[in-house]
There are 2 protein chains.
Amino acid sequence: MTEARRRDANATKAALLRAAGELFTERGFDRATVRDIADLAGVNQSLLFRYFGSKEELFHAVLAIQTRELVAESPAEKVLARTLARMLDEKRDPSSQSSWYAALRSSGHDSAADAIRKQLGEDYIRALISLTDAEDADLRADLVLAWVLGLGMLRSVVGKKPLVDADPQRVAKHVLSAAATLLERLDTDPAS
Amino acid sequence: MTEARRRDANATKAALLRAAGELFTERGFDRATVRDIADLAGVNQSLLFRYFGSKEELFHAVLAIQTRELVAESPAEKVLARTLARMLDEKRDPSSQSSWYAALRSSGHDSAADAIRKQLGEDYIRALISLTDAEDADLRADLVLAWVLGLGMLRSVVGKKPLVDADPQRVAKHVLSAAATLLERLDTDPAS
DNA sequence: CGACGATGTAAGCACGCGCTTACATAACGA
DNA sequence: TCGTTATGTAAGCGCGTGCTTACATCGTCG
């Protein structure tokens, strides 16, 4: 376990994951080619297959990492505010912006990615459901999840103005107060 | 202009547009192949190129048609309710479900599709902006547009339950009342 | 009829893609 | 020092894709 080795499998894997996260998010699964990912990572293409098996498995690895990062966060009332803060934080480098949107873009025919994104959805949904006593709590949670996804797509894929340039606090305030109509115990304070 | 001709260019074009709309919406631009579109339309593949020039131009034609259908609708206060009703109406056949989501999925590198979807966005945004006197009306409109897109994606791409099976009236009621937090003149009656 | 444009068909080309293979070299223990 | 394994490199294979070409057949009108 020495550091700064000239040949370091872990560093190679990390570089690939980082590059893959960036390109998948930016272009979607289909248009991010393995050649471009390897080039961006500064790594030989065949190593991608040695360490991850296939393009799809690499995608799953990226998704799993970002899922873990997003889910392990704070009490239910704060989850939405946290997610918004993370999404709207412009200081994030591109490689850590969520590949959720890439997962959404690459449609059904990929069962494992389906499983992962449904799992992530479930974790979110569970948190949101706990914020209301309404009988249709699960539907209300779906509606709020849809909003978060729509915001991310409109920002990252379309680059819609004025949304991309808007004050994060203001965006969060609007979304939280409107969502509170559906989830009465939601904490509407934009502060993370 | 006789009818039911054995050779009819207009019928061929219409069949291609219909099939393309269905497959683009269902699979996204990249995964809908020209062979599958031609097969679904029951038409020889090369006719697609004779009548539309390229896959991209066919995509633009589909987008233009659906844009026209969606935009020319009723007063501003009713636009959101109408859109929701249309999106949630399960009786629609697949070919008329919007390819907006396909446009969203196929990222930036397509300038004409960009232009069209931004144009559609603009028409929508204009209608929504007129529903509030707030100084950040344009931002609020973006937020509502994002919600509509997110709902469509979550329904058509992920097939998320309980959202797909939910009572359209109830979904519309929730969304409209929450959106009314941002757009005070919005008509919150789900009826179309 | 017969000729010509409009419409439909079948075959295949060129390219980029995901992935594989065969090999070179660094790292490290015996 | 040597042999083995982990890591990196270069080349290319097979396939599906968007698109083109060469040709057959229909409809129409002089």
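Lettering of chains follows the sequences in order, A, B, ..., and the numbering in each one begins at 1. Every value quoted in this text rests on a predicted model; they were computed, and no experiment measured them.
By the 4.5 Å heavy-atom criterion applied to side chains, B:L48 and B:V43 are not counted as neighbours. Taking 4.5 Å as the limit, some side-chain heavy atom of A:Q66 sits within range of a side-chain heavy atom of A:V62. With contacts defined as side-chain heavy-atom distances shorter than 4.5 Å, the pair A:K173/A:T188 does not qualify.
Comparing D:dC19, C:dA26, C:dT7 by their closest approach to the side chain of B:S54 singles out D:dC19. Distances were taken from every side-chain heavy atom of B:A9 (C-beta onward) to each of C:dG18, D:dT20, C:dT7; the shortest belongs to C:dT7. If you check C:dC17, D:dT7, C:dT9 against the side chain of B:L47, the one that comes closest is C:dT9.
Rounded to an integer number of Å, the gap from B:K13 NZ to C:dT7 P is 7 Å. The CG-P distance, from B:L16 to C:dT7, rounds to 13 Å in whole Å. Taking atom CG of residue A:D30 and atom P of nucleotide C:dG16, one finds them 17 Å apart after rounding to whole Å. Rounded to an integer number of Å, the gap from CG of B:N10 to C1' of D:dG27 is 15 Å. In this structure, A:R7 places its CZ atom 4 Å from C1' of D:dT7, rounding to the nearest Å. Residue B:F49 contributes atom CZ, which lies 18 Å from atom P of C:dG12 at whole-angstrom precision. As a whole-Å value, the separation of B:R31 CZ from D:dG18 C1' is 17 Å. As a whole-Å value, the separation of A:F52 CZ from C:dT20 C1' is 18 Å.
OP1 or OP2 of D:dA6 has not a single side-chain nitrogen or oxygen of A:Y51 nearer than 4.0 Å. Applying the 4.0 Å criterion to OP1 and OP2 of D:dG16, one finds that B:T33 has every side-chain N and O outside that range. Of the side-chain N and O atoms in B:S46, none sit less than 4.0 angstrom from OP1 or OP2 of D:dT21.
Side-chain to base pairing of B:R35 with D:dG16: no donor and acceptor N or O lie closer than 3.5 Å to each other.
Within the cation-pi definition used here (under 6.0 Å to the ring centroid, within 45° of the axis), A:K55 qualifies as a partner of A:F29.
Among the protein residues, B:A38 comes within range of no part of the nucleic acid, since none of its heavy atoms lies under 4.0 Å from any strand.
B:R185 has a carboxylate O that lies under 4.0 Å from a charged side-chain N of B:D133, or vice versa, which qualifies the two as a salt bridge.
Nearer the 5' end of DNA chain D, as judged by each residue's closest nucleotide, is the contact made by A:R50, out of A:R50 and A:Q45.
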